[in-house]
Amino acid sequence: MRLFDLRIIIAFLFGLYGVILVVTGLGFTSTEDIDKAAGVNINVWAGAAMVALSLAFTLWAWLRPLPLPTGEGKQD
Amino acid sequence: MSVLAQADLRLDAGPLDYALLVIYFAVVLGIGFMARRSVSSSLDFLLSGRSLPAWVTGLAFISANLGALELMGMTANGAQYGMATVHYYWIGAIPAMVFLGLVMMPFYYGSKVRSVPEFMRRRFGNAAHLVNAISFAVAQVLIAGINLYALAVIINALLGWPLPLSIVIAALVVLAYTTLGGLSAAIYNEVLQFFVIVAALAPLTIVGLIKVGGWQGLVDKVTNPEQLSSWPATDLTGISNPVWSVVGLVFGLGFVLSFGYWTTNFAEVQRAMSAKSMSAARRTPIIGAYPKALIPFVIIIPGIIAAVIIPELSALKAGDTSSGVRFNDVLPLLMRDLLPNGILGIAITGLLASFMAGVAANVSSFNTVFTYDLWQDYVKKDRPDEYYLRIGRLATVGACVLAIGTAFIAAALGGSNIMDYIQALFSFFNAPLFATFIVGMFWKRMTPTAGWVGLLAGTFTAITIYVLSEPTIGVRVIELPGQGASFLGAGLAFVVDVVVSVAVSLVTRPKPDSELVGLVYSLTPKKDRTHSATGEDAGWYRSPALLGGGVLALTTVLYIIFG
């Protein structure tokens, strides 16, 4: 049994989320919203952290790809 | 939980927030479809073909436990009891998880059993097996229903969808991906859920902390200084003597309840059994222990913050219940007051993801026990594997349908109390099960008869303590508010189970040694208990013992700093 690489999915989801949040935070978050969040533009910061997470998973998947199936893997 | 709908928790979710939610559900279903391609046998479907890497199973191990009860319950505990809540994580989980990985996993994984009840059958025979398999299957369906109900209540409160519709939609999503991709889809989604849950809770914690003026600001604002230290937790245990309170915590929660839950609950152990090697299986609970040690910071701290900055909660804490808000509402209230659109969508997604993780874990462990332990062992033996794969899929559908039914029962009975009863039910079964396992694993003389008699005696003891201490039953012999009664019940159940098992073993006939190889410590050759340390299991950083020692050290340091 051989599954797809979950790291790519995580990188994809958080990359997408991160970009959406950063754009929202920079362009579409009102001062009122920023005041609500104790003066922090939390969309930008959380978005940036998600982009970083996404990059970390991409890098990991790229440096250590899933091993190629050798024969039928393990006996069971 | 029923009160939740009455208080004003409706969140101001906009199109953007819904879009983020929809993206998440699309990915979840996509994982189901992609995982389907790699399912070709019942073992693939029900146990991921024992092929997953340790970081995946380790995070799934934590996520399967990070459901509705956990998130709502522990933020509520944080608001109500303060720092004492960390005991549920540090003393109440970490040692047991390390023990599972280092001591018990070699028997679970090494004996190639496919479920915890199957281990019972090999060690003690059919009587103990049947009791264990049926009680587990029933409990999972009940708990799945309650998780589903909690999920529907939160959808209803946050987004305004009607309760019955929410229940059915939530069940259909879980059903879709678990029937398609089986355990692999459930586990992959659990890992994804873990990150989304953290992405929901971390911003909430950070914004909350900034709002109260940082850690020092929080310390200044908490009116009762006892709530900032975790010992001796007299409020939490309900035991007024501090020494006995600590004894109750360490023995009741830290030893019996927590070891019982983490080491014998198949919904958890299944995640480790699906790992690709003995080494990965042993590392699964230990890798999971690291996030488990740290996650109270984004669960309990928001609870403490909420009690300070949300007016309704401070009022409630002071004894004023007029707002209709309950401690369970901490997360929705914080989201309402702190998060702007965008991150709000992530937080809603995280909350729903967490609740789905709980349901999926119940369903995916139920179908394995149903297929292998009930259907294959007692109904239709010796069929080709495709037959059992089909049964596994049907059992998944059946579990979801039953869970919808039990969710409506939970709704009819009114929510929060049922959760407490299920917790109590769990302690009836888990504490004795752990006693039977631990004696059976280390004492080859323990007999099959002692297996089931000990279990029944332990369960009976726990039920007796429950009846004697539960206020609603009316026979109030034991005065223990808080969690003290369940600590006491679990502790006594453990002791009684051990004593009865030993006594019965001495007068009944044990299994011959040859049938116990791989199941009992003294009869299992050392090489079968150790894991390989070559290839993908090589490297000092993959040593289970080292990782286990590391997380115990981390927990000790955390206790010294924050305890």
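Convention: sequence-line order gives letters A, B, ...; per-chain numbering from 1.
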### Message
Tell me which pairs pass side chain to side chain donor-acceptor pair (under 3.5 Å) where either residue lies in residues 21-36 of chain B, with sequence neighbours left out.
### Response
none
### Message
Need one label for B:V196: side chain, backbone, both or neither, based on atoms under 4.5 Å from any heavy atom in chain A.
### Response
both
### Query
So which residues of residues 6-14 of chain A are in contact with chain B at a heavy-atom cut-off of under 4.5 Å?
A:L6, A:R7, A:I9, A:I10, A:F12, A:L13, A:F14
## Note on the structure
Residue from A:V40, A:N41, A:I42 scoring the most non-hydrogen pairs under 4.5 Å with chain B is A:I42
### Message
Just to be sure I understand the criterion: a residue of residues 17-25 of chain A counts if one of its heavy atoms is under 4.5 Å from a heavy atom of chain B. Which ones qualify?
### Response
A:Y17, A:I20, A:L21, A:T24
## Note on the structure
Looking only at heavy atoms, the pair that brings B:G342 and A:N43 closest together is C-OD1, 3.7 Å
### Query
Is the count of non-hydrogen atoms from other residues, nucleotides or ligands lying under 6.0 Å from B:W55 atom CH2 greater than 12?
yes
### Task
Count the heavy atoms of every other residue, nucleotide or ligand shown that sit under 6.0 Å from OH of B:Y18, and state whether that count exceeds 12.
yes
### Query
With only heavy atoms counted, which part of B:S41 is less than 4.5 Å from chain A, the side chain, the backbone, both or neither?
neither
### Task
Pick one of side chain, backbone, both or neither for B:L344, based on which atoms fall under 4.5 Å of a heavy atom in chain A.
neither
#### Entry: Interface residues of residues 57-65 of chain A facing chain B - non-hydrogen atoms under 4.5 Å apart
A:F57, A:W60, A:R64
